[in-house]
Protein chains: 2
Amino acid sequence: MNILLTFRILGAMLLFLAAALLVPIPFSLYFSDGATGVFIISSLITLMTGVLLFLGCRSNKELSVREGFAVVTFGWIFYTLFGALPYLLSGSIPNVVDACFETMSGFTTTGATILQVIEGLPESILLWRSLTHWIGGMGIIVMSLAILPMLGVGGMQLFKAEVPGPTADRLKPRIQDTAKLLWGVYVLLTSLETGLLMLGGMNFYEALSHAFATLATGGFSTRNASVAAYDSAYIDWVITAFMFLAGVNFTLHYHALRGRIREYFRNEEFLFYLALTVGVTGILVFFNQGTTYSSLLQNLRYSAFQTTSILTTTGFGTADYETWPVITQYLLLFLMFIGGCAGSTGGGMKVARILLLFKHAMVQLYRLIHPRAVRLVKLGNHPVDREVMQAILGFFALYMGIFVAASFLMAASGMDVVSAGASVVATLGNIGPGLGSVGPVDNYSHIVPFGKTVLIACMLLGRLEVFTVLVLFFPSFWRK
Amino acid sequence: MNILLTFRILGAMLLFLAAALLVPIPFSLYFSDGATGVFIISSLITLMTGVLLFLGCRSNKELSVREGFAVVTFGWIFYTLFGALPYLLSGSIPNVVDACFETMSGFTTTGATILQVIEGLPESILLWRSLTHWIGGMGIIVMSLAILPMLGVGGMQLFKAEVPGPTADRLKPRIQDTAKLLWGVYVLLTSLETGLLMLGGMNFYEALSHAFATLATGGFSTRNASVAAYDSAYIDWVITAFMFLAGVNFTLHYHALRGRIREYFRNEEFLFYLALTVGVTGILVFFNQGTTYSSLLQNLRYSAFQTTSILTTTGFGTADYETWPVITQYLLLFLMFIGGCAGSTGGGMKVARILLLFKHAMVQLYRLIHPRAVRLVKLGNHPVDREVMQAILGFFALYMGIFVAASFLMAASGMDVVSAGASVVATLGNIGPGLGSVGPVDNYSHIVPFGKTVLIACMLLGRLEVFTVLVLFFPSFWRK
């Protein structure tokens, strides 16, 4: 581990954050919300730390795999620590643990909030809150499509070949090229949604905030009642559509924009994701019809919204699904484990992994009947490398292990059985709302600081595909 | 698939069941409970069907792997259908689904009951109920140590080498030898426990019934309040000890009886199982002290009993753990997934599989840091075969998949979130009591017939290590 090089890169990353902290300032001035100074000071502190780290830690070594792990994990942690400054300095969230929870929830695109009342906070603070989502989402696209596959994390190598741009051995050129191409798509979709939401009656500030949160599959809203506050079928459907798009591998969007729309339907993960969205929406409609909703159109609108919101791990709310039939709640709970497609901004275990787990199990069954037959797990028409498959199976075991351990800690912090489990699924899967006391109309403010800290760790672990964080706990990682 | 040969073997198995159905008769006569005729008729029906199948289906082919699968799965189903006769004919359980539920629960050593009142039923019927556990346990020991390893099911090949007796390629001689050796141990331990329970004040009928249920890790009791009815520290500790023994690989007991007691402590699965039992008991004692219990001795007694009862998947009750602190309930819920050691009568996913999953995950993490290093998953000092490891990972995926699908169906049948999930864990893991409406002081009678049928399937799937049942659903299994 080259610690100096790691800190140097982290310093450079803080310079970008310092720039991002200036974005809310025009909004602060426009709304005269009194938080302008807060952002200037936050940006300066971040800038100075960044410069100190960048200039103070010199290293002429090349970036290797180990520093890659450290940069990714500490990058998210540093961003959380400095990104929490505006909440703390403005007094919007005076408690440090709470402020870190909200910021980590933002950058990991989780969307779990400790705020009991959202409306009334300075507009620029709420815009910053949504912006943390958007920045996090940006980071995730590049991380999941360029960095993690190279680090060999949890089967993400599967997506190495899918990324446009040159295939270089060294991390830097590939990351830069990938970033440019995919962020273009990201910015385009965000602008498009902002425009469409403004057509639906939102002002620019609200439209932009919600577009930030949608494309990042985050879920922070500027309203107490989340998207339900607008009570507009048009807005619901626009957000449903963009949540769905945000849950798709961004490489596919890139191809589509280049005219290769067929790529969507050649991608097995996308097809499974589409089937899952349509299938679960159908089941929810079936069970909600006549029980929760009498109008089929309204039923479809709310069922599709909740399905997409949970599957893509966005977590926007238009309905309190805890009042829906139990079976629909169960279905949503399971969706929380699945999450979006690999290479999207969505969290969870990822559709591709679930698909491959299922295929692996089928191959095992097939082998029992035909012990001498050779049958490989395939995705699309390509056989999946044995190493990749093992990484995915290891990921599944670790994910479940963390779920068990963290739920246990949450129960120890005094939560009931359902809420303890649901709070972990909702943060580990980067969703936001769960069930029980952390359901769609509740928030995370009532949890004790110990519990909040556990959930902060869950958000980070889930976002960084578990492996990336856990390798840092191996003593041999730190040895020269 | 040779269907004639399969039916011939099933016929032979029914002859054994017909003999077993005569066992309760002396008890019926002693207690004059009026059920003597019921057992005679049940035995005759079973005998006649057995003879018809055995003589009617002739085949001079050797038993192959495919018939092995069919015999195991249909063996349990046939035993359930004919074993339910005494309940139906005596009117103790007049409903067919209920009677099949109770019998499947018996033969799979689950111990989930649909009986609301147990005391007052004919003694011979209750003895039969406990005997189904014991017969099932007998079948499981041989199945898990001799049959399944040869069929290559879910990583059970791991235990091929551990079994005493000749290693033959053909199923029959090996099964017979293994059966003789291990059933000797099983009978010995059962007799010992019966004796010890009688010293604690139970009569022979009660002591035998509870010993049957303990050694099989079943959990049926002759009392409404389960073991709590005796309110005796001595009885609690005797049962705790024997539940613990029943959760151990019976091969180790065989070695121990031959003087090789050290084998226990050379066996990594046993050591992990021991650590788990002691560790969880310790945690329960910690959280129960001062909250549930004020006396440490009493706390230890109840905490150790519940830990062993749940981990070994027995399901006897001495305390209503749903009134314990939430964290202890959570811990018990997770234990339900783990279960006993492979080659024991315990259910669940088995300690060895959990241990290997954890090790696999660690190896994956290690590989990220040392991509060129070769590190294999080991159990004891032996590297685990890649095929075996893949089967275990496939098992884990399937087990979780079935848990998800079955919980969904239980929620559809109208149960609440906790009870739907817990009822599946408790039956799939062959435990018995769960949480919520199927908690330790409740029963399964209130579930609708559809839900009971789902749970019957769960008991069978869990008991036969999932794979054994699922292969039958492949069309290619049935082709010549």
Side-chain angles (χ1 to χ4, degrees), chain A residues 65-66 69 151-154 287 325-331 333-334 337 357-358 360-371 386-387 389-391 393-398 400-401 404 407-418 420-421 435-436 467-468 470-471 473-474 476-477, chain B residues 65-66 69 151-154 287 325-331 333-334 337 357-358 360-371 386-387 389-391 393-398 400-401 404 407-418 420-421 435-436 467-468 470-471 473-474 476-477:
Chain A
V65 167
R66 291 206 193 174
F69 285 116
L151 300 182
V153 164
F287 283 99
V326 173
I327 187 169
T328 64
Q329 293 178 45
Y330 232 98
L331 212 52
L333 187 65
F334 291 136
F337 280 95
L357 272 177
F358 179 73
H360 174 79
M362 285 302 118
V363 165
Q364 291 303 314
L365 277 172
Y366 182 84
R367 272 190 193 154
L368 287 177
I369 311 172
H370 308 280
R386 188 164 61 85
E387 304 273 297
M389 203 58 230
Q390 290 200 330
L393 293 162
F395 174 85
F396 186 49
L398 278 180
M400 286 298 167
V404 168
S407 310
F408 175 74
L409 293 175
M410 293 313 290
S413 87
M415 288 180 93
D416 66 279
V417 175
V418 171
L435 289 171
F467 284 99
T468 324
L470 290 184
V471 285
F473 289 92
F474 269 68
S476 65
F477 178 85
Chain B
V65 168
R66 290 206 193 174
F69 285 115
L151 300 182
V153 164
F287 283 98
V326 173
I327 186 170
T328 64
Q329 292 177 44
Y330 231 97
L331 212 52
L333 187 66
F334 291 135
F337 280 96
L357 273 177
F358 179 74
H360 173 80
M362 285 301 118
V363 165
Q364 292 302 316
L365 277 172
Y366 182 84
R367 273 192 193 153
L368 288 177
I369 311 171
H370 308 279
R386 186 164 61 83
E387 304 274 298
M389 204 57 230
Q390 290 201 329
L393 293 161
F395 174 85
F396 186 49
L398 279 180
M400 287 298 169
V404 167
S407 311
F408 174 74
L409 292 176
M410 294 312 292
S413 88
M415 288 179 93
D416 66 280
V417 176
V418 171
L435 289 172
F467 284 99
T468 324
L470 290 184
V471 285
F473 290 93
F474 268 69
S476 64
F477 178 84

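Small disclaimer: the values here were computed from a predicted structure and weren't measured. Convention: sequence-line order gives letters A, B, ...; per-chain numbering from 1.
When each of Gly414(B), Pro371(B), Ala391(B) is scored by its heavy-atom pairs under 4.5 Å with chain A, the top score falls to Ala391(B). For the set Gly421(A), Gly401(A), Ser413(A), the count of heavy-atom pairs under 4.5 angstrom toward chain B peaks at Gly421(A). Of the residues considered (Arg386(B), Glu387(B), His370(B)), Arg386(B) shows the highest number of contacts with chain A, using heavy-atom pairs under 4.5 Å. Taking chain B as the reference chain and counting heavy-atom pairs below 4.5 Å, the highest number among Leu357(A), Val417(A), Leu333(A), Leu331(A) is found for Val417(A). Comparing Val471(B), Ile327(B), Asp416(B) by heavy-atom pairs within less than 4.5 Å of chain A, the highest count is held by Ile327(B). Note: Tyr366(A) leads Tyr366(A), Phe395(A), Phe337(A) in heavy-atom pairs under 4.5 Å with chain B.
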### Query
Is there a side-chain contact (heavy atoms from CB on, under 4.5 Å) between Val326(A) and Met415(B) once you walk through the steps?
CA-CA 8 Å; Val326(A) 173; Met415(B) 288 179 93; over 6 Å; no
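With a 4.5 angstrom heavy-atom cutoff, Met400(A) touches chain B only via side-chain atoms. For Val153(A), the parts sitting under 4.5 Å from any heavy atom of chain B are the backbone and the side chain alike. Looking at Phe334(A), only its side chain comes within 4.5 Å of chain B, counting heavy atoms on both sides.
The neighbour count for Phe474(B) CZ, taken as heavy atoms of other residues, nucleotides or ligands under 6.0 Å away, is above 12.
Judged by distance alone, the side chain of Tyr330(B) and the main-chain N or O of Ser407(A) form no donor-acceptor pair under 3.5 Å.
Between atom CZ of residue Phe396(A) and atom CG of residue Leu393(B) there is a gap of 10.0 Å, rounded to the nearest 0.5 Å. Atom CG of Leu368(B) sits about 6.5 Å away from atom CZ of Phe467(A), to the nearest 0.5 Å.
Residues satisfying the side-chain contact (heavy atoms from CB on, under 4.5 Å) test with Leu470(B), not counting sequence neighbours, are Leu365(A), Leu398(B), Ile402(B), Leu461(B), Val466(B), Phe473(B). For Gln390(B), the side-chain hydrogen bond (donor to acceptor under 3.5 Å, both in side chains) criterion is met by Arg367(A), not counting sequence neighbours.
Taking both residues in full, the closest heavy atoms of Ala361(B) and Gly394(A) are given as CB-O, 4.1 Å, listed atom of the first, atom of the second, then distance.
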